[in-house]
Structure formats: structure tokens, C-alpha cells
Amino acid sequence: MTPIVTASRVLVLNSGSSSVKYQLLDMADSSRLAVGLVERIGEQTSRLVHEPLAGPGAAGGKREQTGPIADHEAALKAVAAELAADGLGLDSPELAAVGHRVVHGGTRFTRPTVVDEEVLAEIRNLIPLAPLHNPANVTGIEVARSLRADLPQVAVFDTAFHATVPEYAARYAIDAATAQKYAVRRYGFHGTSHAYVSRAAAALLGKPAADVNVIVLHLGNGASASAVRGGVCVETSMGLTPLEGLVMGTRSGDVDPAVVFHLARVGGLSVDEIDSLLNKKSGLLGLCGDNDMREVLRRAGEGDESARLAFDAYIHRLKKYIGAYTAVLGRVDAVVFTAGVGENAHQVREAAVEGLAELGLALDARANAVRSAEPRLISAEHARVAVAVIPTDEELEIAAQAYALVTR
Ligand code: ADP
């Protein structure tokens with residue numbers, strides 16, 4: 001008798017314009033079997049780093065290859081070969097699905113979706129809203145499908161968790177017909193992270209998600225805040241694109257839209273130049289020349305004035321959003337820091353919460369200073385609002401959503 005194989009593995013793919021990040025997870029116990037990335041796709045110096053975490057290859061540790069990888073198809077084939085070498089190949093009957101991170105789902109996609117031709121065409125139609133991201137996401141889906149046609153490909157959208165933001169918060173106060181014609185509204189991003197972290201916050205407090213109001217501060221290279229009431233997202237800081245909101249590594253976050261007209265009329269900059277300025281040369285980088293918070297902190301610590309200004313601007317914006325979202329929620333049970341900066345930079349957490357005792361926020365300095373990969377509370381015992389650090393896990397969330405969809 002052939003043994004019955006329960007397919008419990010999900011391959012998660014995050015395809016960027018010149019990179020593919022991947023993780024193979026086993027949803028039977030949420031463990032990771034392999035992780036890796038391919039970067040600089042299309043260049044002579046492409047690099048694939050593969051790390052098997054289970055099976056016979058695990059003892060050997062990370063494997064790295066460099067040399068030209070022409071396109072996403074070649075990249076995914078190389079990844080498939082690495083996985084196969086560890087006995088974790090795409091042909092395995094244990095693989096249940098491929099979960100794809102798709103950045104923009106527009107108003108059409110508000111939940112994870114099994115990809116068929118019609119869905120793929122819709123994701124393509126959304127390319128004007130996410131010209132930097134959706135094309136690579138589409139390519140990732142197409143190539144994964146060509147490698148194993150019978151496997152469900154599930155699209156998990158970065159925007160989906162924010163679909164519950166009420167119309168009055170999602171709409172910009174601009175001409176309604178124009179907004180409608182060009183699909184201009186707040187969509188929000190980092191949704192898998194906000195979903196995962198807000199749920200984990202409720203678990204950390206030992207309460208059902210439905211009973212908990214949370215402000216999530218996802219502070220990575222990109223950064224966004226969300227207000228989650230009883231497990232439902234009611235406000236988020238990113239907008240039509242991931243440019244709005246907090247000060248980020250290289251993005252400005254909120255600016256007066258008239259800055260754009262001014263730079264065009266007076267500065268003579270083209271739309272593409274302004275796009276690049278606000279997305280790639282602004283934020284911490286624009287203010288002080290460094291986009292990595294570690295460098296900003298080091299330089300500010302040495303008395304560098306522009307680094308200090310960048311840090312202060314970053315913190316000031318964060319505080320404004322904490323205040324605004326406290327007003328949106330009315331009652332806040334927890335403020336949660338996550339992603340690279342939120343999880344690691346105790347100085348950022350300390351400064352962001354400082355002076356907010358009136359809002360019920362106060363830190364336990366010792367708990368805040370502890371470095372850990374575990375979800376943890378860092379608020380002072382007497383504080384009315386819990387403050388927590390919760391490492392995000394977007395890959396696990398994508399895998400869990402994809403797996404739930406194909407096994408229900
Ligand atoms: P991405 O948005 O690319 O997923 P991450 O969430 O991994 O980014 O965050 C990356 C950023 O986290 C880095 O650019 C850096 O600014 C910040 N970071 C990472 N480790 C630390 C640290 N120990 N202290 C301060 N900032 C850190």
C-alpha cells in the first residue's frame with residue numbers, strides 16, 4: 001500500500017523587481033524547512049543564497065552561488081534545483097501550495113485568492129497602481145506555475161488587511177469622480193505584517209483578538225502604522241502607494257502635495273524625478289545621508305547634527321501617529337513595535353513613547369533594553385496601555401493564509 005502523504009508544506013515566494021526571497025514552511029508545525037534569496041537578477045553578479053534547515057542538507061549550512069542569473073525564470077529554476085538537492089523539491093507530494101506575496105490587490109482582492117487566468121489578468125490590471133511591484137509578482141506566479149502546473153498558486157495581498165478601513169478614512173477629500181476614475185484612495189500596505197502582529201498582540205495579552213484594540217508600528221526600511229479595533233483594521237498610514245505616512249529609510253512619508261507642484265514649476269523637475277526623490281532619496285537618507293537606523297543612531301550618538309535631526313523627525317512623526325490613532329480607537333490596549341527598527345532599536349521605542357504618559361504609555365526601561373527574538377511586553381507595570389515588541393513573520397502569515405485556503 002502506498003502511504004498517504006499529507007501535503008502540509010507551503011513555498012512562500014516574494015518576488016521583487018530584481019530579487020526573489022523564498023521560504024519553505026511545513027504548516028503541520030509552522031517550522032521552516034529552507035530559506036533563501038536570489039538577488040541582482042539580470043546582472044552579471046547575481047547571487048543565490050540557500051539555507052536548508054531540515055533534511056539531509058541542513059548539516060551543511062548555507063550554500064551560495066554567484067554568477068549571472070538572467071531572469072526570474074532562471075532564478076526560480078535555480079531555487080527549485082537547490083530545494084531538490086535537499087530532498088525538498090517542487091515535485092514533492094508534500095507540497096500543498098505556493099503562496100505569493102502580491103503587493104497591490106486594489107479594491108478587487110480583499111482576501112487570499114487561488115490564482116487562475118482571470119485572477120492573474122486582474123493582478124496585471126493593477127500594475128498602474130504598483131508599477132514597481134506587481135509586475136515582478138506576476139512573473140513569480142507565472143514561473144512557479146510553469147514549474148508545477150497542478151499546484152495551487154495562492155496570491156496573498158499586502159493591501160488586503162486594510163480593506164476594512166471605513167470609507168471616510170480610506171477616501172481622500174478630492175473630487176469624487178476623479179478619484180473614482182483613477183482608483184485614487186487609501187489602500188495601505190504591509191497588511192500581512194499588521195494582521196500577524198495585531199493577532200499576536202492579543203495572544204500576548206491573553207485575550208481574544210475581538211476584545212483588543214492595537215496600534216501596530218511596523219518600522220522596517222518601509223514603515224507604516226495601523227489602528228486595529230477588535231482584530232479589524234480601521235486606519236493605516238500608507239495610502240494609494242507605500243509613500244504616505246511615517247518617515248522611512250528612503251521615503252518621505254507625509255508631505256504637502258504642493259511640494260510636488262513646487263518642485264515641478266519652480267525646480268523644473270520631471271514627474272519621474274520627483275517620484276524618485278520622494279521614494280528613494282528622502283526619509284532618513286534625505287535628511288542625513290544614511291537610511292539605516294543603525295548608522296543614524298551611531299552618528300547621532302557621536303553628536304552629528306543632521307543624524308540627530310533625522311532621528312528627531314522620525315520620532316516626531318511616529319508620535320503624531322500614535323496620538324492620532326489613539327484618537328481613532330478611543331481605547332487603546334496595546335502599542336506594538338515590529339520589523340527591523342521596531343524590533344531592534346530600543347532608542348526608537350524609548351523616544352517614541354517618551355512624554356506620552358497622558359495617553360497611558362510608559363516603558364519599563366530595563367525590559368525595553370532587553371534584546372530578544374520573542375514577543376515581549378516592555379511597558380511599565382503601572383501603565384494603562386501595554387507596549388510590546390513582537391517580531392513580525394510575514395512569510396509564516398502568507399503560508400498560513402495560503403494553506404488555510406487550499407485545505408479548507
Ligand atoms: P524591510 O522593510 O526591508 O523588510 P526590515 O524590517 O528588515 O526591512 O528592517 C530593516 C531595517 O531595520 C534596517 O534598514 C535598519 O535600519 C533597521 N535595523 C536592523 N537592525 C537594527 C538595529 N539593531 N538597530 C537599529 N535598527 C536596525
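All values derive from a computational prediction rather than experimental measurement. Order of listing sets the numbers, starting from 1, for every ligand and every atom in it.
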Please write down residue, atom name and distance for the protein heavy atom closest to atom 17 (C) of ligand 1.
-> Val341 CG2, 3.6 Å

At a 4.0 Å threshold, what atoms of ligand 1 neighbour a non-hydrogen atom of Ala339?
-> 6 (O)

Residues Glu142 and Arg145 bridged, charged N to O under 4.0 Å = no

Numbered atoms of ligand 1 (with element) below 4.0 Å of Ala345, judged on heavy atoms = 25 (C)

With Leu287, which residues qualify under side chain to side chain contact (heavy atoms under 4.5 Å, CB included), at least two apart?
-> Leu309, Ala310, Ala313

For atom 23 (N) of ligand 1, which protein heavy atom lies nearest, and how many Å away is it?
-> Asn344 CB, 3.4 Å

Does the protein put any heavy atom within less than 4.0 Å of atom 20 (N) of ligand 1?
-> yes

Kindly say whether Ala169 contributes a backbone atom to a donor-acceptor pair with the side chain of Arg186 at under 3.5 angstrom?
-> yes

For atom 2 (O) of ligand 1, the protein heavy atom that lies nearest, with its residue and separation | Asn221 N, 3.0 Å

For Thr192, enumerate each residue passing the side-chain hydrogen bond (donor to acceptor under 3.5 Å, both in side chains) test, keeping only those at least two apart in sequence or located in another chain.
-> none

Heavy atoms of other groups near Tyr182 OH, more than 12 under 6.0 Å | no

Nearest protein heavy atom to atom 5 (P) of ligand 1, by residue and atom, and its distance?
-> Gly340 N, 3.7 Å

Are Lys21 and Glu395 close enough for a salt bridge, meaning some N to O gap below 4.0 Å?
-> no

Between Ser306 and Arg299, is any side-chain donor less than 3.5 angstrom from a side-chain acceptor?
-> yes

What protein heavy atom sits nearest atom 16 (O) of ligand 1, and how far off is it?
-> Met293 N, 2.8 Å

Quick one: does Gly222 get a heavy atom under 4.0 Å from ligand 1?
-> yes

Which residue owns the protein heavy atom closest to atom 15 (C) of ligand 1, what's the atom, and how far is it?
-> Asp292 OD1, 3.2 Å

What residue and atom, counting heavy atoms only, is the protein's closest point to atom 13 (C) of ligand 1, and at what distance?
-> Arg294 NH2, 3.9 Å

Begin from the C-alpha positions of Phe189 and His104 and carry the test ring-ring contact (aromatic ring centres under 6.0 Å, His included) through to its verdict.
-> CA-CA 8 Å; Phe189 299 87; His104 218 305; 5.2 Å; yes

